[in-house]
Amino acid sequence: MIHPGFSRRQYLKLVSAAPAASALAMQPTSEADRERRMKWWHEARFGMFIHWGLYSVLGRHEWAMEQEGIPVAEYEKLATQFKPKPTPAKEWAALAKKAGMKYMVMTTKHHEGFCHFNTSTTKYCAPKTAAGRDLVKEYVDAVRAEGLRVGFYFSLMDWHHPDGARCVKDEQARRRFVDYVHTQARELMTNYGKIDVLWYDVPWPLTAEGWESEKMNAMVRKLQPDIIMNNRSKVPEDFDTPEQRIEASKGRNWEACMTMNDSWGYHKADDNWKSPKACVRNLLTCARQGGNYLLNIGPTADGSIPPESVKILTAVGAWTAKNGAAVYGTDPCSVSRSNYMSFTRKGNTLFANVHFWPGSEVAIGGLRSKVLSAKLLATGAPVKFEQEEFRVKFTGLPVNAPDSPITTIAVECDGEPKQDMNRVREERPRLQA
Ligand code: GLC
């Protein structure tokens with residue numbers, strides 16, 4: 001394997017399909033280099049996604065232009081109404097920090113084609129329209145000021161550019177459009193200092209060869225040697241991006257991106273909000289399987305964060321502030337079975353994260369490691385325990401959950417915590433007939 005999930009044959013096919021790039025520049029990054037670049041990201045576990053664009057003026061989801069068939073000339077006029085308040089990104093970054101998020105990924109350009117950054121390629125961008133300033137620069141400064149890592153979302157699909165659809169059938173259109181996109185990628189990678197994540201989206205309608213993705217990504221890596229890239233330029237690159245679901249990729253790095261209601265962009269009527277508990281559970285589910293959780297906000301046109309999102313993330317942050325050890329820098333955890341808790345692990349410590357508090361006793365079946373000690377992670381208060389062959393019980397706990405929305409018990413074991421439920425089923429002594 002030259003790259004996980006990417007066979008030598010596929011790789012050679014791509015290389016031969018893009019003769020413009022030099023063989024050296026086309027070398028996929030080595031596994032060791034990937035691990036070096038991704039170390040911070042694995043430890044981070046939790047990031048903020050931000051979907052913000054002209055669709056935020058409409059407040060009917062970021063796909064309104066396409067789903068409602070809005071003509072380009074009509075949609076473009078939204079740029080005259082897109083006048084954000086001063087530095088909303090400071091509020092986003094402060095909230096991300098408070099929530100316990102370690103990095104942020106903002107839409108620099110979504111499918112609508114409007115660029116938040118200053119670009120030589122089009123006037124359809126924030127600095128040259130009503131906003132009157134470079135919103136990507138403002139974002140980068142705000143994120144850095146909070147000590148968080150900076151990510152750029154960048155849509156390849158473009159509903160505004162005249163060549164954005166016909167590029168698939170017309171070689172001259174493709175040439176123009178690919179040059180347009182590559183120039184923008186170059187600008188993003190050149191004009192804002194160090195960028196930590198490049199998050200491509202929707203490579204419709206071209207193939208990797210059509211986009212010249214290998215060449216584009218080699219250029220990105222040359223300009224930003226430490227950057228990590230997702231898999232949506234039709235090249236696997238550094239990490240997979242399961243969307244609106246948590247699904248670990250085998251042998252690949254992965255990050256589940258999810259919304260807090262049902263929309264990425266601001267949708268004023270979408271009231272299907274997740275609870276803080278659901279968000280923390282999702283974070284733990286990702287962490288248990290070695291993945292990351294990228295949780296979205298959809299600010300309004302002026303950049304304000306919907307109050308529901310502030311409320312949810314504030315509650316999540318109150319939890320991560322006390323229980324971060326169960327999330328950050330954790331290792332994959334093979335213990336998984338319970339009806340009321342989810343597990344994470346760091347070394348020999350098992351974190352039993354109880355989301356449905358059962359009362360004064362909490363029990364884990366099939367644990368194959370010896371428990372040495374246990375405590376409530378949030379307060380450090382010791383927890384009594386009794387270990388039998390097929391069960392460990394944590395006892396003398398309060399009837400009501402001591403922490404919210406999830407109570408974490410840190411369980412120190414004599415080795416890597418392992419669970420064997422088959423053994424419980426097969427070996428637990430049965431009644432004599
Ligand atoms: C989908 C949607 C898009 C959103 C993205 C986030 O690709 O088209 O609106 O930005 O998911 O992963």
Side-chain angles (χ1 to χ4, degrees), residues 41 46-70 75 78 92 96 101 103-117 135-136 139 151-161 164-165 181 184-185 188 197-206 208 211 213 228-249 252-270 272 274 279 282-283 286 291-301 305-306 309:
W41 187 86
F46 193 21
M48 176 184 270
F49 215 174
I50 302 114
H51 276 71
W52 196 43
L54 300 186
Y55 44 79
S56 313
V57 176
L58 296 174
R60 299 195 297 271
H61 191 280
E62 79 283 358
W63 273 69
M65 181 179 180
E66 174 147 317
Q67 306 285 26
E68 298 180 11
I70 305 174
Y75 193 88
L78 294 171
W92 314 339
M101 293 155 152
Y103 61 106
M104 299 172 67
V105 180
M106 180 186 80
T107 50
T108 58
K109 175 180 81 169
H110 201 259
H111 313 333
E112 64 180 9
F114 182 78
C115 301
H116 284 313
F117 52 100
L135 298 169
V136 168
Y139 158 78
F152 287 171
Y153 165 108
F154 182 60
S155 175
L156 296 170
M157 175 163 78
D158 189 320
W159 298 327
H160 179 264
H161 193 285
V181 167
Q184 292 185 346
L188 286 169
V197 181
L198 178 56
W199 213 103
Y200 289 116
D201 198 16
V202 189
W204 185 90
L206 298 173
W211 288 112
S213 300
I228 58 176
M229 283 182 263
N230 74 351
N231 61 342
R232 295 196 183 179
S233 64
K234 292 206 166 161
V235 181
E237 291 296 349
D238 300 314
F239 66 98
D240 291 349
T241 51
E243 180 173 319
Q244 298 289 38
R245 63 181 209 284
I246 299 176
E247 195 183 312
S249 299
R252 293 263 303 153
N253 303 305
W254 60 277
E255 174 196 68
C257 54
M258 295 175 112
T259 48
M260 261 187 268
N261 53 4
D262 288 352
S263 321
W264 299 95
Y266 177 55
H267 194 327
K268 53 179 169 250
D270 180 348
N272 197 21
K274 293 182 182 68
C279 296
N282 285 340
L283 174 60
C286 292
N292 280 20
Y293 184 43
L294 187 65
L295 183 56
N296 182 72
I297 60 163
T300 61
I305 310 166
S309 303

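Whatever order the structure lists them in is the order used to number ligands and atoms, beginning at 1.
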Go ahead and list the nitrogen or oxygen contacts between ligand 1 and the protein that come in under 3.5 Å, distances to 0.1 Å, or just say none.
unit_1   : atom_1 : unit_2 : atom_2 : d
ligand 1 : 7 (O)  : Asp201 : OD1    : 3.3
ligand 1 : 7 (O)  : Asp201 : OD2    : 3.2
ligand 1 : 8 (O)  : Trp63  : NE1    : 2.8
ligand 1 : 8 (O)  : His111 : NE2    : 2.9
ligand 1 : 9 (O)  : Glu62  : OE2    : 2.6
ligand 1 : 9 (O)  : Trp63  : NE1    : 3.0
ligand 1 : 9 (O)  : His110 : NE2    : 3.1
ligand 1 : 10 (O) : His51  : NE2    : 2.5
ligand 1 : 10 (O) : His110 : NE2    : 2.8
ligand 1 : 10 (O) : Tyr153 : OH     : 3.4
ligand 1 : 10 (O) : Asp201 : OD2    : 3.4
ligand 1 : 11 (O) : Glu243 : OE1    : 2.9
ligand 1 : 11 (O) : Glu243 : OE2    : 2.8
ligand 1 : 12 (O) : Arg232 : NH1    : 3.1
ligand 1 : 12 (O) : Glu243 : OE1    : 3.0

> With sequence neighbours excluded, what pairs up with Asn296 under the side-chain hydrogen bond (donor to acceptor under 3.5 Å, both in side chains) test?
Replying inline: His51
>> Are the side chains of Ser213 and Tyr200 in contact, using a 4.5 Å heavy-atom criterion?
In response: no
> Just checking, any donor-acceptor pair under 3.5 angstrom between side chains of Glu112 and Tyr75?
Replying inline: yes
> Trp204 and Trp159: ring-ring contact (aromatic ring centres under 6.0 Å, His included), yes or no, with the steps?
Replying inline: CA-CA 10 Å; Trp204 185 90; Trp159 298 327; 9.3 Å; no
>> What's the separation between atom OG1 in Thr108 and atom CZ in Phe117, rounded to the nearest 0.5 Å?
In response: 5.0 Å
> How far does CD of Glu247 sit from CG of Asp240, to the nearest 0.5 angstrom?
Replying inline: 9.5 Å
